[in-house]
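Notes to accompany the following structure.
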2 protein chains.
Amino acid sequence: MRKSMPQNRMTIQRRIIIEELKQHNSHPTAEQLYHIVRESLPRISLGTIYRNLDFLSKNNIIRKLDIDKEQARYDAVIKEHYHVRCIRCGKIGDIFNLPKTDIEKEVGKLTDFVIVDYLPEFKGICPECINKTKSEELKSITEDKKENI
Amino acid sequence: MRKSMPQNRMTIQRRIIIEELKQHNSHPTAEQLYHIVRESLPRISLGTIYRNLDFLSKNNIIRKLDIDKEQARYDAVIKEHYHVRCIRCGKIGDIFNLPKTDIEKEVGKLTDFVIVDYLPEFKGICPECINKTKSEELKSITEDKKENI
DNA sequence: ATGTTTGCAAATCATTTGCATAGTT
DNA sequence: AACTATGCAAATGATTTGCAAACAT
């Protein structure tokens, strides 16, 4: 059963946070969203941003992304999709429609854990950073990973 | 070309940190390793632990794992493998010999990023926690993920 | 009226860093 | 001797929390 919209209070702060997050598909950090929201609500505090982002992700209204080790990022798109992080500038891109595989079943055979979730993440170079990169350099980057055992 | 053992100094601290990490395949945090190492080197500081773990992972002698959002974990096993994190107790298990796929190529078609790395992580329930769990409950857990759109 | 949420400031917690001293090569 | 690493303590930075006042239902 799907969780329903929570019975909790829709404050102006909460409403604007949701609206701005829907407007900004760039997977902003709490701090970035704080600056965005302050343009309409100059007195909002960072604590309120954090409390609401936490509340909203726990209620499946938004998604919290752990793709960046330093700062959490937030995404208003709930539909299943995955993310690429640019190794140059940190920008996060979306990956929709990843083909289904039986990887969880496969992994279940390789461990004594019961697998309940699969979280693929990708690293890459975004279009803007590709343009700044010399082509030979780019070639060596994509081959780097074969270096490890 | 493989990076060679760095030219830097092999202090007692660094040697013991490597030894203890090899001894403890449990993917310890810096803090846990600090307590372990303190049994042979009571005056070692946490800063030294961090500095060495950082140095060693940058030189490909150990691996730093980002699987736990709160604290980094470290692994002396360099050979390619992946990890499952127990959603109950946090324990981290290893997954060796994951079948190769062309997922990076597939993902490349779904985004305008150039993909350079694929980092699959898994969540699961470890054997000890499975034993503590009623079987109907376990069944519902493995079906939970189908709930989302 | 009642329980939630807010703004603010202080607290927390993992990790990093500055510095003088000690250790390695 | 020359340079790198250590111990210690203080700094950092993201996130969390306590509290009294403001707000939503």
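Chain identifiers are assigned alphabetically (A, B, ...) following the order of the sequence lines, protein sequences preceding nucleic acid strands; residue numbering begins at 1 within each chain.
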> Would Arg63(B) and Asp75(B) pass as an ion pair if we require N to O under 4.0 Å?
Replying inline: no

> Does Arg51(B) have any side-chain contact (heavy atoms from CB on, under 4.5 Å) partners at least two apart in sequence or in another chain, and if so, which?
Replying inline: Thr48(B)

> Does Pro99(B) have any side-chain contact (heavy atoms from CB on, under 4.5 Å) partners at least two apart in sequence or in another chain, and if so, which?
Replying inline: Glu106(A), Leu110(A)

>> Just to verify, what does Ile12(A) make a side-chain contact (heavy atoms from CB on, under 4.5 Å) with, not counting sequence neighbours?
In response: Arg15(A), Ile16(A), Leu41(A)

>> For a quick check, with a 4.0 angstrom heavy-atom cut-off, what is the B/S/- contact string for nucleotides 14-20 of chain D, read 5' to 3'?
In response: SBB-B--

> Over how many whole Å does the gap from Asn8(A) atom CG to dT2(C) atom C1' extend?
Replying inline: 14 Å

> Looking at Ser45(B), does any N or O in its side chain come under 4.0 Å of the phosphate oxygens OP1/OP2 on dC8(D)?
Replying inline: no

>> If you take any heavy atom closer than 4.0 Å to DNA chain D, which residues from residues 34-44 of chain B end up in contact?
In response: Arg43(B), Ile44(B)

>> Evaluate Ile95(A) against His83(A) for side-chain contact (heavy atoms from CB on, under 4.5 Å), listing each step before the verdict.
In response: CA-CA 6 Å; Ile95(A) 296 167; His83(A) 297 96; over 6 Å; no

> For the pair made of CD in Gln13(B) and P in dT4(D), what is the distance, rounded to whole Å?
Replying inline: 17 Å

> Does Glu128(A) come within less than 4.0 Å of Lys91(A), counting only side-chain N to carboxylate O?
Replying inline: yes

> Which residues pass the side chain to side chain donor-acceptor pair (under 3.5 Å) test with Tyr34(A), sequence neighbours left out?
Replying inline: Arg38(A)

